[in-house]
Amino acid sequence: MQVWKFGGTSVGKPERMHSIRELLNSDPNRKIVVLSALSGSTNALIAIGEAVKAFDDAKAAVLLDDLKTHYSLFIKELYATPEGLQKGQEIVDTEFGYIKSLVGIKPFTTKQDKELVAEGEILSTKMFQAYLDEKGDSSVLLSALDFMRIDADGEPELATIEEKLVTILSQYSDKQTIITQGFICRNPREEVDNLKRGGSDYTASLIGGAIRADEIQIWTDIDGMHNNDPRIVKRTFPIRELTFEEAAELAYFGAKILHPSTITPAKLRSVPVRLKNTMQPEAPGTLIANQTSDREIKAIAAKDNITAIYIHSTRMLNAYGFLRRVFEVFEKYKTPVDMITTSEVSVSVTIDNSEHLEKISADLKEFADLEEHDLDQNIICIVGNFSADKEGIALKVLDALKHIPIRMISYGASEHNLSLLIHSKYKAEALNVLNERLFYYEDAMKDIFTAP
Ligand code: ADP
Ligand code: ASP
Ligand code: MG
């Protein structure tokens with residue numbers, strides 16, 4: 001069995017849903033199909049929630065009407081028969097009736113807010129399953145809320161997900177296509193929750209890992225993982241193969257094509273992940289697996305909104321236990337640290353979640369001196385196979401960035417990652433100069449990648 005996930009743009013127009021059906025039918029494997037909300041819907045639902053929270057019910061009503069109109073037009077083109085359209089209209093009326101009731105409950109709590117945001121995926125999956133029904137295709141819709149679980153820290157509960165999913169699936173062995181929602185789940189209080197923005201990728205790999213799928217395919221609007229951010233850098237090209245480690249680093253350090261945690265469950269069970277383009281299905285895309293060809297530098301990514309914290313202690317001189325105390329503070333506030341550099345008397349760390357920055361600083365000040373934080377920083381991450389015998393990679397990178405101030409460098413933690421911290425105002429320049437220097441400058445590098 002395979003798991004195929006289609007993102008927002010891939011389901012964002014009626015004709016795209018028609019193409020998904022063709023893609024599904026062109027492949028004989030049984031599949032679990034994970035769908036995102038139609039593009040723009042999650043943002044629209046979040047905006048409705050924001051308006052309600054700001055006590056602007058008039059604005060919320062206008063936004064809600066606009067969104068409903070969008071769906072009413074969408075179904076007119078999605079279905080070909082009066083019966084199909086009627087079913088579609090029922091789905092839209094039911095779900096928007098529910099949304100209206102949700103935003104009417106006062107006070108509007110986080111619980112309602114999460115239920116509201118979940119409606120994007122609930123609508124897209126119901127509409128798509130009704131479309132397959134209209135066409136007479138064999139399919140069933142499973143609610144992700146029946147098996148997708150997170151713990152109190154927002155982390156997926158792998159064993160529970162597997163147990164529940166395997167039981168549910170055993171009832172549908174006659175169905176060719178099993179549809180479910182990406183992104184949404186339940187938390188330990190049994191409330192509706194989610195896997196954070198872009199979380200449908202994560203759903204797909206959690207399912208793929210749980211059922212030990214033959215392959216997980218992430219269908220999106222680009223022909224695979226590119227060597228650099230195509231939104232910022234002019235010439236980029238798709239990478240044919242990545243290892244799990246390389247792909248995980250790129251996703252974690254900002255390659256938006258994958259939710260940061262996507263690779264973990266797939267890697268755990270060695271399920272290959274293939275990135276494919278819905279608009280160009282014939283393109284080979286990117287295969288992420290255990291093995292890959294032995295290339296040096298594969299790709300560059302950038303992670304935004306980073307805060308750097310500089311910690312000093314003269315008592316660190318010859319002291320043990322200092323780093324433990326530092327990291328206990330971050331642990332206390334459940335704040336992951338991305339980059340670390342140390343000298344004899346100081347430690348610099350970066351975080352991307354600065355929600356608890358003030359409390360973290362106060363706790364650190366109890367035993368260390370802090371220099372002023374640097375806000376609005378960017379981690380530039382270069383990913384590839386940098387085994388110890390590969391010479392000159394750091395030189396190439398630093399030479400390319402010689403005109404850009406670098407605050408931190410991290411190299412050697414893994415053989416796949418060289419990270420640098422710069423101010424975000426230099427991000428576009430850094431990505432572009434690295435792109436030219438690492439992928440286009442040397443002819444020797446060119447022919448080992450897909451021709452750009
Ligand atoms: P979906 O809605 O299908 O989940 P996303 O918008 O989340 O799609 O992810 C696809 C987008 O990721 C692409 O359109 C592209 O602009 C962006 N992206 C950023 N970095 C990369 C990269 N290194 N390779 C490919 N795409 C990238
Ligand atoms: N719809 C959700 C979002 O926009 C999840 C996803 O698309 O992956 O973040
Ligand atoms: Mg996405």
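Each ligand, and each atom within it, is numbered from 1 in the order the structure gives. Positions are given from 1, in the same order as the sequence printed here. Heavy-atom basis, side chains included; hydrogens, waters and symmetry copies ignored.
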Sub-3.5 Å N/O-N/O distance, Thr220 and ligand 1: yes
In this structure, are over 12 heavy atoms from other groups packed under 6.0 Å from [X] atom [atom1]?
| X | atom1 | value |
| --- | --- | --- |
| Lys53 | NZ | yes |
| Tyr333 | OH | yes |
| Glu163 | CD | no |
| Lys106 | NZ | yes |

Suppose I only count heavy atoms of [X] and a 4.0 Å limit; which atoms of ligand 2 are within that range?
| X | answer |
| --- | --- |
| Thr42 | 1 (N), 2 (C), 3 (C), 4 (O) |
| Ser36 | 6 (C), 7 (O), 8 (O) |
| Arg197 | 3 (C), 4 (O), 9 (O) |

Nearest to [atom], what protein heavy atom do you find, and at what distance?
| atom | answer |
| --- | --- |
| atom 12 (O) of ligand 1 | Ile257 N, 3.4 Å |
| atom 2 (O) of ligand 1 | Gly8 N, 3.1 Å |
| atom 5 (P) of ligand 1 | Lys256 NZ, 3.7 Å |
| atom 23 (N) of ligand 1 | His226 O, 3.3 Å |
| atom 4 (O) of ligand 1 | Lys5 NZ, 3.1 Å |

Close approach, [X] and ligand 2, non-hydrogen under 4.0 angstrom:
| X | answer |
| --- | --- |
| Gly198 | yes |
| Glu121 | yes |
| Gly199 | yes |

Nitrogen or oxygen of Ser200 less than 3.5 angstrom from that of ligand 2: yes
Candidate pair Gln112 and Thr109, rule side chain to side chain donor-acceptor pair (under 3.5 Å), full reasoning: CA-CA 5 Å; Gln112 276 131 255; Thr109 59; 2.8 Å; yes
With heavy atoms under 4.0 Å as the rule, classify the contact between [X] and ligand 1 as side chain, backbone, both or neither.
| X | value |
| --- | --- |
| Arg231 | side chain |
| Asn228 | backbone |
| His259 | neither |

Would you say [X] and [Y] make side-chain contact, with heavy atoms under 4.5 Å?
| X | Y | result |
| --- | --- | --- |
| Ile309 | Leu357 | yes |
| Met225 | Ile239 | yes |
| Glu282 | Gln280 | yes |

Residue pair Gln89, Asp93: steps toward the side chain to side chain donor-acceptor pair (under 3.5 Å) verdict: CA-CA 6 Å; Gln89 194 64 58; Asp93 289 344; 3.2 Å; yes
Which of the ligand 1 atoms, numbered from 1, are nearer than 4.0 Å to a heavy atom of Gly224: 24 (N), 25 (C)
Under 4.0 Å to a heavy atom of Asp221 - the qualifying atoms of ligand 1, by number: 10 (C), 11 (C), 13 (C), 14 (O)
Check: Pro336 main-chain N/O paired with Asn353 side-chain donor or acceptor under 3.5 Å: no
Stepwise side chain to side chain contact (heavy atoms under 4.5 Å, CB included) test for Leu23 and Trp4: CA-CA 10 Å; Leu23 280 172; Trp4 286 20; 4.2 Å; yes
Charged tip of Lys13 within 45° of Phe74 ring normal and under 6.0 Å: no
Gly199, Gly254, Pro230: member with heavy atom nearest to atom 21 (C) of ligand 1: Pro230
